[in-house]
Amino acid sequence: MARMKRLQISLEPELDAELERTARIEGVSKAEIVRRSVRKEIKPRGSIWDDPLFRMFGTLKGDPNDKRSVDDIVYGPRE
């Protein structure tokens, strides 16, 4: 089993009762029901290097002496 990190949470009594009932029906601990719910809700994020936009940084050539602002380059000069 993977190493676990202890987490303390607070639940409304009604939600805790439902959690207890679900755990009893499924024959697992309340913690297991919470872990399943979190896994279902929270998806792991990939590395920033997997983001196509991030990989574009530094790939464009430009004049290092260009004094225009990024906004002027992207959106055009202000009038």
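- Hydrophobic cluster of Val28: the remaining members, joined at side-chain heavy-atom separations below 4.5 Å, are Leu7, Ile9, Leu11, Leu15, Leu19, Ile33, Val34, Val38, Ile42, listed by chain and number.
- Evaluation of the side chain to side chain contact (heavy atoms under 4.5 Å, CB included) rule for Glu18 yields Arg21 as partners, not counting sequence neighbours.
- With sequence neighbours excluded, no residue satisfies side-chain hydrogen bond (donor to acceptor under 3.5 Å, both in side chains) with Glu20.
- Partners of Ser10 by side chain to side chain contact (heavy atoms under 4.5 Å, CB included), not counting sequence neighbours: none found.
- Minimum interatomic distance between Arg35 and Ser29 (heavy atoms only, all atoms of both residues): NH2-OG, 4.2 Å.
- Applying the salt bridge (Lys or Arg N to Asp or Glu O under 4.0 Å) test to Asp71 and every residue at least two apart in sequence or in another chain returns nothing.
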